[in-house]
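Working notes, beginning with the structure itself.
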Amino acid sequence: MAHTPEDEWLWGWDETPGIVSVWAEPDGRAFVWRRIPQSGSLVREDVRFRPWLLLASLEDLAHLGARLRPESEGPAPHRVTWQELEGPGALRYLVRAEDGRALASAVLQGASRRLGHSIGNLRELGAQAVLALPPEEQYLVASGRTYFRDLRFDDLRRMQLDLETTGLNPAHDRIFLVAIRDTDGRADTLEVHGDGDAAEADLLQRLVARVRAIDPDVLENHNLHGFDLPFLAHRARVLGVTLALGRAGIPGLRQRPAARGAAPGRGGPGHDAMRRARYTVPGREFIDTLDAVRRHDFSTRELPGHGLKAVARHLGLAGPEREHIPGARVHEVFGTDPERVRRYARDDVTEAAGLARMLGGAAFALARMAPRRYERLADAGPATGVIDPLLVRAYLRAGAALPTHEPGDGTPHSGAALHLFATGVARHVVKADVASLYPSLMRQYRIGPRRDRLGVMLALVDRLVEQRLAAKARAKAAAPGSPERHTNEALSAAMKIVVNSAYGYLGAGGLTRFADVHAANEVTRRGREVLAQICQELARRGVTLLEADTDGVYFSVPDGWGEADERRVVSEVAALLPPKVRLEFDGRYAAMLSHEPKNYALQPYDGALILRGVAFRSSRAEPFGEDFLRRALRCLLAGDIPGVRDIYVETVMALRRRALPTRSVAAQVRLTKTPEQYLAARRRELPYEAMLASGRKHWASGEQVRVYRAVGGRAGLLPESEAGENESDPRDYDADFYARQLRETFAARLVRALTPEDFAAVFADPEQPSLFAPSLADARPVLTVLDEPESEQPRSENPWMSPLPLGEG
DNA sequence: CCACCACGGGG
DNA sequence: GTGTACGTGGTGG
């Protein structure tokens, strides 16, 4: 197969198929596990590679004398070779040796002598002076190999495991059950036999034996890196059990530097043992579905939370028979009804497996491109984690010197445009947006990093955009649910991640090797220009603009227009734009409540209400308010204002009669202070007051409880009950407090939709009738077109995408 | 209104 | 590999 350099930049150049794991040691040994695509069998190749570094200068190696020689004279035992790369980059000497440790120590020795003090680590020399990749990446970059060539996601042998523990703190709590799901999808549990260290140690040994027997390529779970692995490592250490989970090398887990998105290591007692840790073993890849969930939600922003159960339910992965047990009660239930805990734990691993397949394909596909381990690509940020390795490999393949990180010249990074044209309720709403706006602008106007003199970034974006279209077409042609469709959808998702972060890479001044704030600003400037043109041209065609943000616009069309008319205006405007900037019809809705910039509710012509923005999707809102808001919005967007009034009255009266369960007003919180710490702090906080008021004098930091405001200003503690159990509900919440909250916090979000008079009438206290209550029969939701549209350049949500502030106004 | 603290995920 | 995250909500002064 003929490769162009550009193909090699994206996919590597070595066609070895089926690599499922790579492990390399600094001494130049590499182990490569491959699944033979035809038979599915596993082979291990032991190979040697020449460890390498990039240096800005050979000065620190001069002390080697004759042991330092040009690469052109060929490698020789105990010699360091060097090669000068061409072009202007600062990192211009490629130095190699048989053993990476000897190479590194030669550099460190020279640097220590030069600087007059001891240097222990190459990092201390700074990114300006040296580029030293982990051994696996040195191997992959140099060999042009990548993971998973010719493999489909479903050819991977994946296993899931999930610990059930007596609590969250491995210093005090124990593992009493482990659910596992094998590569054929069979879920099973392993359990302790008895109490004490010996029983738990025996469980861990059986777990290790099962993993070795099943011999998966990948181990998966939700929050694997934040909970299961650190917990397991801690218990194994305490109990003296060796975790021989790898396929080679010294048994035991190894740590790699904590990655972005690792468990947020919270200080305080009980959490130290669980602080940021990412474990790794030779031959298998640890994949955390929480990383995939975060990556997914970053673009869709539609998930209610990132917990396993919530995500599984939202994505339709949870079965109707799904067993639920509140976390704090799992161990206790195990004592009375162990079969229930087994079902629960098996459901957990089954959901984790489903989630891994549904959202994990992107990381799988990234591993076919970038020269890094699969597990590293699963939690990598796209800019430094994916694009930079691609650029490094491309430059080295071309024999070109690499630039290094440069601080910005002080130019601020300007952002996208955001315009709010109208607030309130609009009917017949259309959304149009530009597919991949920033990459399209980069391609259209050839905007790339100034120092990328080989043009690798734009070449990658060009190819990714084109090949993504091909992958989407292949996915569409394959049978729903088939491995081919899944693999191509995953490829498309991965390509989207890379393409969309190319702009973020440009703008991350000082953080990325080729960052170029001027280029990034040129992209956003063109973006604002395009968005303004789209708005102008739409308005000229008789629609009412509602909101425009970055790359998309919501507008309302006149009564009597049909979908064909809506599509026609979009394509008319699309035809006026530059060829690579494709404006698309993205959806149509019966009605929209425009509340504030980026905060709105959409009612599709059929289907469930869509809520966007913090005003409508507060994760911590009490259930009764959330429920009220959804029902009220549904009526409002149907134009039924008396219906909104009815729902309000009904909710207020239900609160006052205490017809709503306490659970619906309670908030779930975590206790982070011990009783001693709380009493010493002398600062009253509802959750702790609730504990004390209910007679609880002892609790552990980390315990989760549900609390609420009870009558008489007391703090109430809601006993953790299981689904269906209601007899313990005290129903002593402060109804007036929650009625006030209903009006001030939840009803307030409808303020833009009504005239002040109607708003007052709809949300008047049902038990204090006013002298003249206006009839709501003729009331209609209102839309207010702003004379001066609210416009700004918002900060991006993601610090990676746009790390700098508001800029020009 | 401001300062401060806690949340996210796992049992 | 990046970040004493980041954005937000609640509480007490």
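The analysis underlying the following values was restricted to heavy atoms, covering all of them including side chains, and did not include hydrogens, waters or symmetry mates.
No side-chain N or O of A:Y344 forms a donor-acceptor pair with one of A:E164 less than 3.5 Å apart. Judged by distance alone, the side chains of A:D379 and A:H225 never bring a donor and an acceptor atom under 3.5 Å apart.
If you check C:dT11, B:dG11, B:dG10 against the side chain of A:R709, the one that comes closest is C:dT11. The side chain of A:N223 lies closest to B:dG10 when the candidates are C:dG1, B:dG11, B:dG10. Taking every side-chain heavy atom of A:D348 into account, B:dG11 is the closest of B:dG9, C:dG1, B:dG11. Distance from the side chain of A:A328 is smallest for B:dG11 among the nucleotides C:dG1, B:dG10, B:dG11. Distance from the side chain of A:L290 is smallest to B:dG9 among B:dG9, C:dG1, B:dG10.
To the nearest whole angstrom, the two C1' atoms, one in B:dC4 and one in C:dT4, are 16 Å apart. The same atom, C1', is picked in C:dA5 and in B:dG8; the two are 12 Å apart, to the nearest Å. Going from the P atom of B:dG9 to that of C:dG9 covers 15 Å, rounded to whole Å.
Aromatic ring centres of A:F514 and A:Y395: separated by under 6.0 Å.
The ring pair (Phe, Tyr, Trp, His ring centres under 6.0 Å) test applied to A:F628 returns no partner, not counting sequence neighbours.
Remark: of the listed residues A:R181, A:H222, A:R322, A:Q160, A:R322 is the sole one forming a side-chain hydrogen bond (donor to acceptor under 3.5 Å, both in side chains) with A:D348.
Ring planes of A:Y374 and A:Y147: tilted class, angle from 30 to 60°. The aromatic rings of A:H331 and A:F334 lie parallel to each other, with less than 30° between the two planes, well short of the 60° mark.
Atom CG of A:L133 is separated from atom C1' of C:dG1 by 11 Å (rounded to the nearest Å). Atom NE2 of A:H405 is separated from atom P of C:dG3 by 13 Å (rounded to the nearest Å). The separation between A:H306 atom NE2 and C:dG7 atom C1' is 13 Å, rounded to whole Å. Nucleotide C:dT11 holds its P atom 16 Å from the OH atom of A:Y708, rounded to whole Å. A:D291 has its CG atom 14 Å from the C1' atom of C:dG1, to the nearest Å.
Using a 4.0 Å heavy-atom cutoff across all strands shown, A:D162 reaches sugar-phosphate atoms only and no base atom. If you check every strand for non-hydrogen atoms under 4.0 Å, A:L163 touches sugar and phosphate atoms only. Counting non-hydrogen atoms under 4.0 angstrom, A:H331 reaches nothing in the nucleic acid. No contact: A:D388 has no heavy atom under 4.0 Å from any strand.
Between A:R376 and A:E137, at least one side-chain N (NZ, or NE/NH1/NH2) sits under 4.0 Å from a carboxylate O, which counts as a salt bridge.
In this model, the phosphate group of B:dG11 is approached by a side-chain N or O of A:K309 to a distance below 4.0 Å at OP1 or OP2. Regarding contacts with the backbone of C:dG1, a side-chain N or O of A:R376 is found under 4.0 angstrom from either OP1 or OP2.
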Dot-bracket summary - DNA chain C, pairs being Watson-Crick or G-U whose distances fall under 3.5 Å, with | when paired to another strand
.....||||||||
